[in-house]
Amino acid sequence: MSSSAIPVSALDDYVGRGAHLYIKGVKHIDCASGTFNLSLGYDNPDVVAALHRQLDRVLHLSSEFTRSKSQEIFDLLRPVLPEHLDSFWFRDITGSTANEAAVRMAQKATGRTDVISLFLSHHGQSAAATGLSGNAFRQQSFSLPFVGSIKVPAPDCNHCFFGQTRDRCNMLCARRVEDFIEYASSGRVAAMVIEPILGNGGNVVPDPEYYSVIREICDRHGIVIIADEVQTGFGRTGSFFASTGYAKALRPDIITFAKGAGGVGIPVAGVLMRHELDVLEPWEHSSTSGANPLALVALEETVRYIRDNYILDNVTRMSKLLKYGLHELEAEFAPVMNVRGKGLMLAFDLPSAKDVSAFIGIARHHGLILRGSRYGFGNTVKVRPPLIVSEDDVDEILLGLRASLAEFNAPTEFNAPTEFTAPTESEKGM
Ligand SMILES: Cc1ncc(COP(=O)(O)O)c(C=O)c1O
């Protein structure tokens with residue numbers, strides 16, 4: 001660069017508009033919603049305007065001064081919450097620490113220690129949240145054990161741990177949790193933490209009966225259920241929380257949220273719980289930026305926008321169109337299988353992890369931003385655009401996927417497909 005050149009930021013290459021990200025002027029539709037946090041897209045005008053107003057007033061306040069704003073936001077949320085969740089804790093900005101807050105609440109309130117979580121789960125990357133998560137690849141280089149962590153098989157019918165099929169499984173993945181409580185715990189289980197749909201684990205959608213069996217077992221053993229709704233919350237699955245819709249039977253004692261709660265990517269996280277679990281002192285769980293004014297303003301405006309613009313209805317309508325289109329692609333292109341998901345948290349599988357990374361690269365050239373999943377079999381492509389997508393946006397996604405699949409299917413010297421064996425009926429599953 002000559003000394004007279006105007007310095008530009010590397011970020012100047014990126015401009016976000018609605019569900020689209022322009023990279024050096026090239027339009028892409030973002031089917032990953034950023035880092036799965038842009039529930040309202042890149043530049044929702046209401047949220048952005050509210051943030052501008054707050055920027056002009058005050059950027060930081062100690063949480064001592066934001067308590068009444070947090071209360072106002074909780075009052076705004078009340079109509080979309082199960083009645084029994086009557087307390088809140090909005091002092092987090094990441095999902096990882098919101099989950100830690102929930103665990104602390106369960107441990108302090110019950111006087112117990114152990115926490116059950118699922119294989120394939122992801123609850124964050126702080127030390128405790130990493131230790132709770134059901135995967136090895138994020139742990140292997142460190143020593144981050146969560147003392148009292150008990151991992152149990154995930155309710156993943158496509159890869160059943162117990163080798164069953166749904167018609168004859170008697171919901172073993174839920175019922176055998178009782179064996180883990182009996183034989184693998186210290187006898188002091190405080191909580192079970194569950195993503196109602198396992199997001200990073202490969203968009204695993206449990207059968208609804210799973211939730212009711214887990215609820216019954218946890219009731220019997222006095223175990224607090226924590227629904228980690230960091231991915232599924234704020235309208236993603238078509239209800240405000242998954243556990244007020246598809247996963248209602250879970251009746252969680254605590255819900256944690258983050259990601260989409262900030263609407264346009266502003267970091268904010270929180271915990272909603274029964275008042276009996278509202279046991280933490282401020283000094284037992286807080287951070288410098290917890291409940292900061294920008295986070296609270298983004299949270300408030302996101303809740304309002306979802307409510308006033310019928311975003312849940314939009315998710316339900318767009319989900320139907322997108323899922324229908326994905327099923328059409330599944331019928332047309334042999335490598336596509338296991339289309340699944342709720343709301344705008346959809347996914348399909350390709351034969352292998354290698355295929356997924358090749359496909360995502362091809363799709364980028366067709367104007368789609370997509371993400372895969374490193375967990376489990378690593379062969380899942382996630383399709384999760386912002387909740388504000390229009391019919392035109394859905395058409396654009398499906399056209400881009402069709403063109404990408406056509407290219408993926410056409411062998412070239414650079415793009416030799418991996419060997420494909422058609423899935424068996426039971427592999428197609430769910
Ligand atoms: C289900 C779930 N819980 C918790 C987290 C952690 O959230 P954060 O990255 O904000 O700490 C994530 C992040 O991907 C997540 O997907």
Side-chain angles (χ1 to χ4, degrees), residues 32-39 89-104 106 115-135 137-139 144 146 149 151 154-156 191-206 225-237 241-243 246-247 250 252 254-272 285-292 294-295 298-299 302 341-347 371-376 380 382 384:
S33 297
T35 315
F36 207 38
N37 56 341
L38 305 178
S39 52
W89 186 271
F90 292 168
R91 289 164 160 267
D92 288 281
I93 52 170
T94 71
S96 307
T97 62
N99 283 330
E100 290 194 20
V103 167
R104 284 177 166 155
V115 179
I116 300 173
S117 53
L118 299 181
F119 291 5
L120 291 172
S121 62
H122 176 67
H123 299 296
Q125 296 204 57
S126 62
T130 302
L132 272 180
S133 299
N135 60 75
F137 73 89
R138 293 196 206 264
Q139 305 208 22
L144 302 172
F146 183 103
S149 162
K151 311 283 193 320
D156 181 359
M192 179 160 182
V193 54
I194 299 178
E195 295 166 75
I197 292 175
L198 285 91
N200 286 13
N203 226 73
V204 176
V205 185
I225 294 185
I226 302 169
D228 175 347
E229 296 240 27
V230 166
Q231 293 209 6
T232 51
F234 281 71
R236 180 49 68 175
T237 65
F241 287 105
S243 45
Y246 178 73
L250 192 59
I254 300 180
I255 290 176
T256 58
F257 66 81
K259 285 199 187 280
V264 292
I266 298 295
V268 59
V271 183
L272 301 154
H285 182 86
S286 63
S287 71
T288 303
S289 303
N292 74 77
L294 287 177
L299 173 62
T302 299
K342 295 284 161 201
L344 289 173
M345 191 165 175
L346 302 177
R371 294 219 201 297
S373 174
R374 274 200 62 173
Y375 289 62
T380 295
K382 302 187 246 182
R384 305 157 156 200

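Read the numbers this way: they start at 1 and go in the same order the structure lists the ligands and their atoms. The first residue in the sequence is number 1, and the count goes up from there.
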> So is Asp228 polar-close to ligand 1, meaning N/O to N/O under 3.5 Å?
Replying inline: yes
> Can you tell me which residue and heavy atom of the protein come closest to atom 12 (C) of ligand 1, and the distance to 0.1 Å?
Replying inline: His122 CD2, 3.6 Å
>> If the test is side chain to side chain contact (heavy atoms under 4.5 Å, CB included), which one of Asn200, Ile197, Leu198, Asn37 qualifies with Gln231?
In response: Asn200
> Looking only at protein heavy atoms, which one is nearest to atom 9 (O) of ligand 1, and how far off is it?
Replying inline: Ser96 OG, 4.4 Å
> Taking atom types as modelled and ignoring hydrogens, do the side chains of Thr380 and Asn203 form a donor-acceptor contact shorter than 3.5 angstrom?
Replying inline: no
> Does Lys259 have a non-hydrogen atom less than 4.0 Å from ligand 1?
Replying inline: yes
> Would you say the side chains of Ser33 and Arg236 form a donor-acceptor pair under 3.5 Å?
Replying inline: yes
> To which protein heavy atom is atom 5 (C) of ligand 1 closest, and what is the distance rounded to 0.1 Å?
Replying inline: Val230 CG1, 3.7 Å
> Aromatic rings Phe241 and Phe234: how do their planes relate, parallel, tilted or perpendicular, breaks at 30° and 60°?
Replying inline: perpendicular
>> Under a 3.5 Å cutoff, is there a donor and acceptor pairing between the side chains of Glu229 and Ser243?
In response: yes
>> For the 3.5 Å polar cut-off, considering only N or O atoms, please tell me whether Ala258 and ligand 1 meet it.
In response: no
>> Which of the numbered atoms in ligand 1 are under 4.0 angstrom from any heavy atom belonging to Glu195?
In response: 1 (C)
> Taking the side chain as C-beta and beyond, is there a heavy-atom pair between Leu120 and Asn135 under 4.5 Å?
Replying inline: no
> In terms of side-chain heavy atoms, does His122 have a donor or acceptor partner in Asp228 at a distance below 3.5 Å?
Replying inline: no
> At under 4.0 Å between heavy atoms, which part of Asn99 makes contact with ligand 1: side chain, backbone, both or neither?
Replying inline: side chain
> To which protein heavy atom is atom 16 (O) of ligand 1 closest, and what is the distance rounded to 0.1 Å?
Replying inline: Gln231 NE2, 2.8 Å
> Of the protein's non-hydrogen atoms, which lies at the shortest distance from atom 8 (P) of ligand 1, and what is that distance?
Replying inline: Gly95 N, 3.4 Å
